[in-house]
Structure formats: C-alpha cells, structure tokens
Amino acid sequence: MRGGAFASFACIALAGCSGAQSVLAPAGEQAAGIHKLFWLMIAVGGFMYLLVMAGLGWSLWRARRQRAATPAIDPKDARLDRSLILWAGLIVVGLTVLITGSFLADRMLAQGRARDALEVRVTGHQWWWRVEYRDPATGGWIETANELHLPLGRTTRVSLGSSDVVHSFWIPSIAQKLDMIPGRINLIDLTPTRAGWFRGQCAEFCGAQHAHMAFDVKVESQAEFDRWLAVQARPAAAPADAVAARIIEQGSCAMCHRIRGTAAAGRAGPDLTHFASRRSVAAGTLPMTRGAIQGWVMQPQAAKPGTMMPPTGLTPAEGDAVARYLETLR
Ligand code: CUA
C-alpha cells in the first residue's frame, strides 16, 4: 500500500522532468549551462551534507564516551584565540571568493555573447504575449502573438517588456527565466540546440489567468525559419463571407484585433493576421481546431474567466462564420 502511494507520488513528481517544458532535458545553450550547474550543486551540496552529518555523528559518539573525562574549558587558553583567528580568516577568504565569483558571473550573464543575433521583442499582457520580429527586408517589425519561432543554433536576442503588470518570460528547456517589468526592457539570449516544439510559460503571478499565459516555441532550421517569417510578413485576405466581414471588419473584433490586409486594425489584443498558423488559441489555453476557435469567439469568458476579451454575443451561425474565416488565416 505504502509502496503504491510512493510509486504514484514518484510518477507525478517525475512526469515534469521530460517533455516540452523541462529544465532536466535542456535544448538550449543557456539551459544546458544551468543544467550542469544544477548537478554540480547537487553533488557538492550532497557531499558537504554527508560530511557534516558524519562529523556530527562522530562527535556525538565521542562525546558520549568522553563525557566523564572532559575537563572544563579554560577561557584563558591561548589555543582558543588561535582557532578563533583561524576561523574568522577562513570566513573572510570564503566570502571574498564567493562575492568576486558572483560579480564576475553576473557580468558575464549581462554581456551575453551574441554577435549577429536575431532581434525579437516580446511584450507581456494580461494574459498573452505580443511577439515582434525585426523584418530583415524592411527593418520594420512583423507582429504575431503567443508563439515564438527560433532558428536552430543561432542566438536570438529577445527584448522583454510589459504593458501592465510584472510577468516573467520562461522557456525552461531553452534558457533561464527573466522578469518583464513595465517601463523597462530586459534582454535575454536564446540559443536553441535541438529542433522541435517547446513550451514557454509566464513564471510570475500576474492575475487570475496567470496559469493560462503560455506560448508555443518552435525551433527549426534557418531556412524553415526564413520561410515562416516571410509568410508572417504577408497581409491576409479579407473575409469573402458577408457575415464574417461585417463582424470582423466593422464589428467588435476590429476594435481590439489587427488583421493586416483587412479593415481590422485594433492594437489592444493579439494580431490575428496569421492566427491559424499558430498551434494554440488564447495563449496556450485551447488547441487550434475549428471547434475551439468557435467556442472561444462565442464564449471567451467560459474558457478563460477574466480574460480581457469581452463576451461577444455572437449567434452560433455568426460564430461559425467567424471561425471559418479565422481558420483561413494561415
Ligand atoms: Cu503573466 Cu503570470
């Protein structure tokens, strides 16, 4: 019985150690460094722990045997002064080494080493991510949301900001986490070393839907990445369907969302120009399927209570028309 409970606990605890969001399966240079440091700390800390426990056990054992024979400590004993000086000296030397090491490590982290890094801006919003890529052709910015594409083996330098409260940007498999603070820009370098899909998650409590503030990360070859970015730079086709056109271009959608190539030019919510090219809806909350899209546009508050997207009051037929159009935005 007890063994079964332990096995289930171990399964639950270890389930987090693999997959798309694990610090124990690094897929980036930065995460690999942290992973190495983690095991070094476990080894050194574990060794020190065993050493201290052995010392404690030994002194307890000795004290019990010698209790009767030990003379009282004489405070005028010169050996006490000498050992006090020795220990104080060791503490000062230890602290100096640690402070110097920490200073040098911080400087190295702050510098980064990216030369021709890809430039990306990510802004945290309650509860989604605005993502902008520097356009290599025009020098302008190409906007998307809730999904990050990174070229394999190349460093991407991400400028992190926030539009409302403090969020924290974290892709556990690829790099350390870094806070996104309103009014300032923090820089983080990401150098992925393994292709595939990964998951990022907001790592600072930022309100009711903090847990539903995630994003998908795709690491792909430079050629695949260039193709993807070229598609993202293109405008979309306006809705051909009259119902979808009325709701999206003249209705409430256009107040918050932008779809380049159409009359929808809102800036408050995520850019939807290539919405259906993404893997999930509402910052990792729902999968990208027709049913999920329709459910989301009709009842956003049901899927993500408290989201800034208000109830839309669409009829099922209108919801269907909008979902069908959104699905074409690849
Ligand atoms: Cu944003 Cu937690």
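When a ligand or atom number is given, it counts from 1 through the structure's own listing order. Just so we're clear, the structure is a prediction, and the values are computed from it rather than from any experiment. Below, all heavy atoms of this structure are taken into account, side chains as well, without hydrogens, waters or symmetry copies.
Outside the 6.0 Å centre-distance limit, the rings of Phe215 and Trp170 are not counted as a close aromatic pair.
When ND1 of His210 and O of Glu204 are joined through atom 2 (Cu) of ligand 1, the resulting angle is 90° to the nearest 10°. In this structure, SD of Met213 and ND1 of His167 enclose an angle of 90° at atom 1 (Cu) of ligand 1, rounded to 10°. To the nearest 10 degrees, atom 2 (Cu) of ligand 1 sees SG of Cys202 and SG of Cys206 at an angle of 120°.
A salt bridge links Arg246 with Glu318: the closest approach of a Lys/Arg side-chain nitrogen to an acidic carboxylate oxygen falls below 4.0 angstrom. By the 4.0 Å N-to-carboxylate-O rule, Arg278 lies too far from Glu147 to be salt-bridged with it.
In terms of the ring pair (Phe, Tyr, Trp, His ring centres under 6.0 Å) criterion, His257 has no residue partners (sequence neighbours excluded).
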